[in-house]
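Since this is a predicted model, take the numbers as computed values, not measurements. Ligands are counted one by one from 1 in listed order, and the atoms in each one are counted from 1 as well.
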Amino acid sequence: MNRPVIYQVLLAARARTRTTVISQTRSYSSHPGTLNSIASTRSKITTLTLHQLYRDNVPITALTAHDFPSGLVADNAGVEIVLVGDSLAMVALGYENTNMLTLDEMLHHCRAVARGSKTAFLVGDLPFGSYEQSQEIAVQSAIKMVQQGHVEAVKLEGGHEVAKAISAITRFGIPVMGHIGLTPQRSAALGGFKVQANTIQSARDLLDTARALQHAGCFAIVLEAVPSEVARIVTESIDIPTIGIGAGSACSGQVLVQLDMVGGFQKFTPKFVKKFDNIYDRQIDAISQYVDQVKARQFPGPEHCYGMKTKEDAQRLIEWEQEKKSKI
Ligand code: KIV
């Protein structure tokens, strides 16, 4: 495989230095154990790291996380951008669409992810209704995302109509990621979750929009569900990274919804999702075994049970029980 040299160097360095700790001890069902002491030795990913990867033509990896464990696992697996996407509305909260998610709900999930993901660059979606009405509202929401959601950057959907909001947010020092092509918050207006920019005119419009977002100050742009050729032309025509989802391999990076790519969300699977695992089936299997073993009194086994402090106490307990029974 013809990988850029810098990528081979990064892989080698990661193999040498990464001390991801997967197993921890936990004594009680709700005890946090040593989870927070997980040591990933990689340096904190910043916009500068992302820019360097982009300049070196090394694909940037991004993945969504919606809670503490998914943030932790994405970070420990080595993705560079962890995105608290508003996809969480559908895949984690069971809403019909992403527009039902409120800013408060988003903040709650961002905080949970931030507690798990310590080294990746953390981006949070501005939910529908939290940035469109005015630049002031957009800035207020973005500040909340940083201050109360503990994210480092925000992502918002849209083109020319949100360019002023993007400029305003970036003026306050908050990096903004754009999102064009299929923008799920507008899926009703787009006639559903459909491929975008697949005519010559709409492809030209997409390029024009990408340029406008770069000009407004975005540090990167998500391209969702657009033909690969169009994504390639956009990527080659702008000077900031494109992060593709259903946009082909020529983008500067890729993003997927974590629950989709591990096979944890069964309701529907977009064409652009590759299932790298099938954890839904594996969870069903594990939980069915649990149910069967509890019914058969095979679980818990002796190794999962506590004993009395001393043998003498155990003996006295039996005697006390017999004494009690004999009095009845
Ligand atoms: O909400 C989300 O998860 C997203 C990504 C799929 C890009 O916007």
Side-chain angles (χ1 to χ4, degrees), residues 50 59-67 70-71 74 79-103 105-110 112-113 117 120-132 141 145 149 151 153-159 162 166 175-187 190 193-197 206 210 213 218-226 231 234-235 240-248 251-262 264-265 267-276:
L50 299 174
I60 296 167
T61 53
L63 191 66
T64 68
H66 297 146
D67 52 18
S70 58
V79 301
E80 283 108 11
I81 299 176
V82 167
L83 169 68
V84 190
D86 63 359
S87 54
L88 82 86
M90 296 169 81
V91 304
L93 300 178
Y95 287 135
E96 279 304 309
N97 57 55
T98 56
N99 292 358
M100 294 180 174
L101 188 77
T102 66
L103 181 56
E105 287 172 316
M106 177 51 98
L107 291 169
H108 175 75
H109 283 265
C110 286
V113 174
S117 175
F121 188 66
L122 189 59
V123 182
D125 262 346
L126 282 176
F128 177 70
S130 71
Y131 62 93
E132 300 89 340
S141 299
M145 289 285 283
V151 301
V154 294
K155 174 165 85 59
L156 56 84
E157 297 181 8
V162 290
I166 291 170
V176 178
M177 186 182 245
H179 183 157
I180 55 177
L182 172 57
T183 45
Q185 292 178 5
R186 295 156 195 233
S187 60
L190 297 174
F193 291 82
K194 293 199 158 59
V195 65
Q196 302 294 309
L206 188 84
L213 294 193
C218 284
F219 74 94
I221 302 176
V222 167
L223 299 179
E224 179 164 353
V226 300
V234 171
T235 302
I240 54 173
T242 55
I243 307 294
I245 174 161
C251 292
S252 327
Q254 298 293 325
V255 62
L256 280 177
V257 173
Q258 188 176 151
L259 265 177
D260 281 341
M261 58 82 73
V262 297
F265 185 67
K267 213 167 159 188
F268 61 87
T269 307
K271 175 181 165 66
F272 52 70
V273 170
K274 175 172 176 179
K275 286 194 182 183
F276 289 80

Region of Val257 engaging ligand 1 - heavy atom pairs below 4.0 Å: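 Val257 to ligand 1: side-chain contact only, backbone stays beyond 4.0 Å.
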Ligand 1 versus Leu83: contacting region, heavy-atom distance under 4.0 Å: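 The part of Leu83 near ligand 1 is the side chain, not the backbone.
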Any N or O of His66 closer than 3.5 Å to N or O of ligand 1: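 Not met; the criterion fails.
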Contact check: Asp125 vs ligand 1, nitrogen or oxygen atoms, below 3.5 angstrom: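 Yes: some nitrogen or oxygen of Asp125 is under 3.5 Å from one in ligand 1.
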Distance-minimising heavy-atom pair for His109 and Leu93: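 Residues His109 and Leu93, closest heavy atoms: NE2-CD2, 3.7 Å.
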Which residues share a salt bridge (charged side-chain N to carboxylate O under 4.0 Å, His left out) with Lys267, sequence neighbours left out: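 Applying salt bridge (charged side-chain N to carboxylate O under 4.0 Å, His left out) to Lys267 gives Glu96.
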Qualifying residues under salt bridge (charged side-chain N to carboxylate O under 4.0 Å, His left out), relative to Asp125, sequence neighbours excluded: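 Listed in chain order: Lys155.
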Options Gln185, Lys155, Glu157, Met177, ranked by nearest heavy atom to atom 8 (O) of ligand 1, top entry: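 Nearest option to atom 8 (O) of ligand 1, by heavy atoms: Lys155.
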Relative to the heavy atoms of [X], which atoms of ligand 1 are at a distance of less than 4.0 Å?
X	result
Ile245	6 (C)
Ser87	1 (O), 2 (C), 3 (O)
His179	8 (O)
Thr64	3 (O)

Side chain [X], main chain [Y], donor-acceptor under 3.5 Å:
X	Y	value
Thr183	Glu157	no
Gln185	Asn99	no
Thr98	Ser87	no

Within-shell test, Thr98 vs ligand 1, heavy atom, strictly < 4.0 Å: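 No, Thr98 has no heavy atoms under 4.0 Å from ligand 1.
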Verdict with reasoning, Phe121 to Met177, per side chain to side chain contact (heavy atoms under 4.5 Å, CB included): CA-CA 12 Å; Phe121 188 66; Met177 186 182 245; over 6 Å; no
